[in-house]
Amino acid sequence: MIETAARLALPLLRLLPPETAHQATLRALHAAPAPRHRTDDPSLAVTVLGRAFTNPVGLAAGFDKNAEVPDALTGWGFGFVEIGTVTPRPQAGNPRPRLFRLTPDRAVINRMGFNNEGHEAVAARLRRRDRAGGCLGANLGKNRDSADAVADYCKGVDVFGPLADYLVINVSSPNTPGLRDLQRRGELSVLIDAVMERRTALKLDRPPPVLLKIAPDLSPQEIADIAETVNASAIDGLIVSNTTVARPASLESRQAPEPGGLSGKPLFESSTQLLAEMYRLTRGRLPLIGVGGIASGEDAYAKIRAGASLVQLYTALVYQGPGLVRRIKTDLAALLRRDGFRTLGEAIGSGNTMGKAPQRRGAQEKQNDHGA
Ligand SMILES: Cc1cc2nc3c(=O)[nH]c(=O)nc-3n(C[C@H](O)[C@H](O)[C@H](O)COP(=O)(O)O)c2cc1C
């Protein structure tokens with residue numbers, strides 16, 4: 001019913017400026033009834049990061065920055081929803097316009113600049129929420145004018161650690177000056193160690209796993225450095241990747257020169273390559289969330305075969321609406337069946353040339369070793 005309404009509304013929403021359309025979508029979701037519980041195909045279930053997911057398809061950060069409607073979004077069929085990026089203090093972000101549709105390219109450019117209501121307002125919303133509502137990640141950032149980035153992330157751990165199923169250290173958005181420098185070797189290990197210590201200090205019964213979200217615009221040396229840092233740290237997983245500042249020559253839209261992060265189809269190849277590389281460099285031992293340009297079940301499957309235990313998407317929703325989530329799940333289950341995988345866990349990394357042959361039926365002994 002909601003999906004039908006959304007499908008009918010999509011052409012109208014596209015007539016609005018992108019940010020207005022987005023706000024209209026959030027308002028409509030506010031009014032949406034609580035989602036009915038739907039069951040996913042059992043082959044899509046995966047236990048990773050110590051959590052059981054009924055399906056691996058998540059909503060990427062940036063859609064519900066202020067945690068206004070995470071449970072209504074779960075009702076679209078997502079296996080998990082990531083809210084944020086949230087910064088300690090509220091901030092307005094960059095001046096508008098700051099969000100651009102590149103329709104011929106099936107892409108978006110954004111330079112939102114972490115507009116959000118700040119830790120307290122967002123956490124208050126999450127405290128009112130029923131934790132049984134669905135798996136929720138909180139994506140943490142730093143204020144643009146912050147003098148101490150590490151302290152900002154640590155505050156995020158204090159506030160959202162007790163409220164979220166996982167936390168994300170986001171050091172990869174291109175629209176906060178200097179943020180991506182935190183991916184540099186020295187800075188990164190200081191940041192990760194501080195965040196992990198802070199999590200321990202919370203003394204929670206079930207401490208949330210912490211993931212690092214990285215950019216696709218890294219040199220081979222930077223990629224190697226991040227992998228080494230991550231391997232030597234206690235971090236629980238990686239999200240690969242954020243938007244890109246690159247502008248592939250294939251872009252046709254006149255909006256292509258707009259500054260900001262590019263997402264959607266043109267990001268698919270580079271983000272999947274980086275995912276595969278990170279899977280190899282972390283020797284398949286670290287859970288990876290693959291994100292960037294997923295617009296179909298085949299795209300999601302490619303990320304999983306490259307090494308992702310879970311996937312996320314955002315931009316394709318702009319073009320295909322919420323019905324896409326169910327289509328991806330149906331197609332993904334069919335692809336697993338086609339290739340003889342009984343469970344998603346068997347397919348993770350199976351297309352990666354890390355030395356493992358692609359796994360078919362008969363190789364089912366391989367359990368998802370990222371499990372609890
Ligand atoms: C409008 C917009 C806002 C975004 N905001 C955030 C954000 O606040 N934090 C973050 O980590 N990623 C943010 N992202 C990046 C997405 O989470 C995702 O990594 C990226 O868009 C690639 O996925 P996609 O091609 O499926 O959109 C944003 C993306 C878009 C399009």
Side-chain angles (χ1 to χ4, degrees), residues 17-23 25-26 57-67 78 80-87 91 93-94 96-102 105-117 122 137-144 153 156 166-176 179-180 182-183 211-217 238-246 248 255 258 260-272 274-275 288-296 299-300 302-303 308 310-320 324-325 328:
E19 200 168 339
T20 314
H22 185 66
Q23 283 159 348
T25 306
L26 291 179
V57 185
L59 177 64
F63 192 99
D64 189 8
K65 286 179 186 271
N66 296 310
F78 285 112
F80 61 110
V81 169
E82 190 170 308
I83 60 108
T85 295
V86 196
T87 57
Q91 59 179 35
N94 289 320
R96 298 184 196 195
R98 54 191 179 178
L99 181 59
F100 306 88
R101 288 187 203 105
L102 281 66
D105 303 303
R106 294 277 159 161
V108 159
I109 289 175
N110 92 81
R111 52 169 179 272
M112 306 298 286
F114 286 171
N115 56 307
N116 78 102
E117 294 176 8
V122 176
N139 182 304
L140 308 175
K142 73 167 195 83
N143 279 110
R144 185 186 172 99
Y153 289 96
Y166 70 89
L167 300 175
V168 182
I169 310 178
N170 176 16
V171 286
S172 49
S173 291
N175 303 309
T176 296
L179 190 85
R180 287 182 164 194
L182 295 169
Q183 296 176 117
L211 292 91
L212 179 75
K213 183 165 178 179
I214 62 172
D217 309 309
L238 286 177
I239 304 188
V240 187
S241 73
N242 217 306
T243 57
T244 179
V245 294
Q255 314 271 32
E258 289 289 347
L262 174 74
S263 56
K265 229 173 189 19
L267 177 60
F268 180 78
E269 281 307 325
S270 59
S271 60
T272 308
L274 178 58
L275 173 76
L288 306 178
I289 300 184
V291 51
I294 293 177
S296 68
D299 294 341
K303 298 261 191 207
L310 300 167
V311 297
Q312 291 177 319
L313 59 105
Y314 181 161
T315 301
L317 287 174
V318 173
Y319 294 103
Q320 300 194 52
L324 173 65
V325 185
I328 289 181

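Just so you know, ligand 1 is whichever comes first in the structure, and atom 1 is the first atom listed for that ligand.
- Here the shortest heavy-atom pairing between S263 and T243 reads CB-CG2, 3.8 Å.
- Polar contact check, V108 against ligand 1: no nitrogen or oxygen pair lies under 3.5 Å apart.
- K65 NZ, 2.9 Å is the protein heavy atom nearest to atom 8 (O) of ligand 1.
- Of the candidates L102, D105, L267, L102 is the only one forming a side-chain contact (heavy atoms from CB on, under 4.5 Å) with L262.
- With sequence neighbours excluded, no residue forms a side-chain hydrogen bond (donor to acceptor under 3.5 Å, both in side chains) with Y153.
- For N170, a nitrogen or oxygen atom sits less than 3.5 Å from a nitrogen or oxygen atom of ligand 1, counting backbone and side chain alike.
- Here is the list of ligand 1 atoms found below 4.0 Å of a heavy atom in L99: 1 (C).
- The shortest N or O to N or O distance between Q312 and ligand 1 is not under 3.5 Å.
- For the atom pair Q320 CD and R106 CZ, the distance stands at 6.0 Å (nearest 0.5 Å).
- Contacts of H22 with ligand 1, taken as heavy-atom pairs under 4.0 Å, are absent altogether.
- The nearest protein atom to atom 21 (O) of ligand 1, hydrogens excluded, is given as S263 CB, 3.3 Å; this is a heavy-atom distance.
- No side-chain N or O of K265 forms a donor-acceptor pair with one of T315 less than 3.5 Å apart.
- By the criterion of a heavy-atom distance under 4.0 Å, the side chain of K213, and not its backbone, is placed next to ligand 1.
- Of the protein's non-hydrogen atoms, G62 CA, 3.2 Å is the one closest to atom 5 (N) of ligand 1.
- Side chain of N175 to backbone of S173: no donor-acceptor contact under 3.5 angstrom is found.
- In this model, no donor atom of one side chain and acceptor atom of the other lie less than 3.5 Å apart for S172 and K213.
- With ligand atoms numbered from 1 in the order given, ligand 1 contributes 24 (P), 25 (O), 26 (O) to contacts under 4.0 Å with heavy atoms of G293.
- Looking only at heavy atoms of the protein, atom 20 (C) of ligand 1 is closest to T243 CG2, 3.8 Å.
- Considering only residues two or more places apart in sequence or on other chains, R180 meets the side-chain hydrogen bond (donor to acceptor under 3.5 Å, both in side chains) condition with D217.
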Evaluate side chain to side chain contact (heavy atoms under 4.5 Å, CB included) for F100 paired with V108, printing each intermediate quantity in order.
-> CA-CA 6 Å; F100 306 88; V108 159; over 6 Å; no

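- When heavy-atom distances to ligand 1 are checked against a 4.0 Å cut-off, A316 has no atom that comes that close, whether in backbone or side chain.
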Side chain to side chain contact (heavy atoms under 4.5 Å, CB included) between N94 and F114, intermediate numbers included | CA-CA 8 Å; N94 289 320; F114 286 171; over 6 Å; no

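- No N or O atom of M112 sits closer than 3.5 Å to an N or O atom of ligand 1.
- In summary, the atoms of ligand 1 found under 4.0 Å from a heavy atom of G292, numbered by their order in the structure, are 22 (C), 23 (O), 25 (O).
- The two atoms that bring A60 and Y314 nearest to each other are CB-CB, 4.1 Å, heavy atoms only.
- Among protein heavy atoms, atom 14 (N) of ligand 1 sits closest to A61 O, 3.3 Å.
- In summary, the atoms of ligand 1 found under 4.0 Å from a heavy atom of T85, numbered by their order in the structure, are 7 (C), 8 (O), 9 (N), 10 (C), 11 (O).
- Taking a cut-off of under 4.0 Å to the non-hydrogen atoms of L313, the atoms of ligand 1 that pass are 26 (O).
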Take T87 and L140 through the side chain to side chain contact (heavy atoms under 4.5 Å, CB included) test and state the conclusion after the steps.
-> CA-CA 6 Å; T87 57; L140 308 175; over 6 Å; no

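- Contact annotation for T315 and ligand 1: heavy atoms of both the backbone and the side chain come within less than 4.0 Å of the ligand.
- The closest approach between S241 and ligand 1 falls below 4.0 Å for a heavy atom of the residue.
- Of the protein's heavy atoms, L267 CD2, 3.6 Å lies nearest to atom 22 (C) of ligand 1.
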Can L274 and S271 be said to form a side chain to side chain contact (heavy atoms under 4.5 Å, CB included), step by step?
-> CA-CA 5 Å; L274 178 58; S271 60; 5.7 Å; no

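- In this structure, the separation between CD on Q312 and CD1 on I294 is 8.5 Å, given to the nearest 0.5 Å.
- When hydrogens are left out, the protein atom nearest atom 15 (C) of ligand 1 is N242 OD1, 3.5 Å; that is the closest non-hydrogen contact.
- Counting only heavy atoms of the protein, atom 23 (O) of ligand 1 lies nearest to V291 CG2, 3.4 Å.
- Annotation for ligand 1: atoms under 4.0 Å from non-hydrogen atoms of N139 are 10 (C), 11 (O).
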